[in-house]
Amino acid sequence: MVGYRAHGFYDLSYEDNILIVRISGSWNKEAALEFDRDFRQFVGKISIKPWGSIVDANEWELATPDVWDTVYETALWASRHNHRFEAVICRQELAKHLMEQRFDVTPSLKKSYWENKEAALAWCQEQYRLLASERN
């Protein structure tokens, strides 16, 4: 059996206590599996305390249907590892709809949609402050 190469791109970084996820291109299952592996490794370093994320999906060109089981598993894993809030930067209505479906598996995750990184980051920083004040 010939394996498929991953299609779709992502970048993970950490800024001001917030995980920044940039996704782009058209994703296939192999890209989702690679992302899941790298995401879990990255988050494993920060998940001791509650955390939040920004997903920049402005350059995402959607995905094949076989991606979603992996996406849901990744979201559930993140939820079990202290993921508390997420800001999505996305202008495409279909992409927003698909993100909403992903959020259905983690109803306790606080989420919001933004058109630019600055506004998303400001919202996330406020959520982080609120979480910190709840812990004190």
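Start at 1 with the first residue, then count along the sequence. Worth saying up front: this structure is predicted, and the values here are computed from it rather than measured.
The hydrophobic cluster containing I18 does not contain Y113, counting ILVMFWY residues as joined when their side-chain heavy atoms lie under 4.5 angstrom apart, directly or transitively. Residues V43 and L12 share a single hydrophobic cluster, defined by chaining ILVMFWY side chains whose heavy atoms lie under 4.5 Å apart. Hydrophobic clustering, with ILVMFWY side chains joined whenever heavy atoms are under 4.5 angstrom apart, keeps L130 apart from W123. Note on I89: it does not cluster hydrophobically with Y14, by side-chain heavy-atom contacts below 4.5 Å among ILVMFWY residues.
With hydrogens and angles ignored, the 3.5 Å screen pairs a side-chain donor or acceptor of N28 with a backbone N or O of R5. Of the possible donor and acceptor atoms, none in the side chain of N82 sits under 3.5 Å from a partner among the backbone N and O of W51. Not one N or O on the side chain of W60 forms a donor-acceptor pair closer than 3.5 Å with the backbone of G8. Between the N116 side chain and the E118 main chain, a donor and an acceptor come within less than 3.5 Å of each other.
For the atom pair CG (L121) and CD (E126), the distance works out to 12.0 Å, reported to the nearest 0.5 Å. In this structure, L98 CG and L62 CG are separated by 6.0 Å, a value rounded to the nearest 0.5 Å. To the nearest 0.5 Å, atoms OG (S53) and CD1 (I46) are separated by 8.5 Å. In this structure, L33 CG and W27 CH2 are separated by 10.0 Å, a value rounded to the nearest 0.5 Å. Separating the CZ atom in F9 from the CD1 atom in I23 is a distance of 13.0 Å, to the nearest 0.5 Å. The line from NE2 of H7 to OG1 of T64 is 9.5 Å long, rounded to the nearest 0.5 Å.
Between D11 and R22 there is a salt bridge, since at least one side-chain N of the basic residue sits less than 4.0 Å from a carboxylate O of the acidic one. Salt-bridge formation is not detected for the pair R84/E134: no Lys NZ or Arg NE/NH1/NH2 atom is positioned less than 4.0 Å from an Asp or Glu carboxylate oxygen.
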Worksheet item: Do D56 and K117 pass the side-chain contact (heavy atoms from CB on, under 4.5 Å) test, and can you show the C-alpha distance, the side-chain angles, and the key distance before you say yes or no?
Response: CA-CA 8 Å; D56 184 343; K117 182 181 174 187; 5.6 Å; no
Worksheet entry | Full working for side-chain contact (heavy atoms from CB on, under 4.5 Å) between W114 and I54 | CA-CA 10 Å; W114 303 92; I54 294 175; over 6 Å; no
Expected list for residues 35-42: side-chain donor-acceptor pairs under 3.5 angstrom, two or more places apart:
unit_1 : atom_1 : unit_2 : atom_2 : d
D36    : OD1    : R40    : NE     : 2.9
D36    : OD1    : R40    : NH2    : 3.4
D36    : OD1    : T74    : OG1    : 2.5
D36    : OD2    : R40    : NE     : 3.1
D38    : OD2    : Y10    : OH     : 2.3

Tell me which donor-acceptor pairs under 3.5 Å the side chains of residues 101-110 have, and how far apart each pair is, sequence neighbours excluded?
unit_1 : atom_1 : unit_2 : atom_2 : d
R102   : NH1    : E86    : OE2    : 3.4
R102   : NH2    : E86    : OE2    : 2.0
K110   : NZ     : Q127   : OE1    : 3.0

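Between V55 and M99 the shortest side-chain heavy-atom distance falls below 4.5 Å. Counting heavy atoms from C-beta outward, V88 and K96 have side chains that stay 4.5 Å or more apart. The shortest distance between side-chain heavy atoms of R91 and N58 falls below 4.5 Å.
In the displayed structure, L94 atom CG is contacted under 6.0 Å by more than 12 heavy atoms of other residues, nucleotides or ligands.
Considering all non-hydrogen atoms of both residues, T70 and K29 come closest at OG1-NZ, 4.1 Å. Scanning all heavy atoms of the two residues, the minimum distance from S13 to L19 falls at O-CD1, 3.3 Å.
Y128 and F85 have perpendicular rings, their planes meeting at more than 60° on a 0 to 90° scale where under 30° would count as parallel. Classification of the Y72-W68 ring pair by plane angle, with boundaries at 30° and 60°, yields tilted.
For A122, there are no side-chain contact (heavy atoms from CB on, under 4.5 Å) partners, not counting sequence neighbours.
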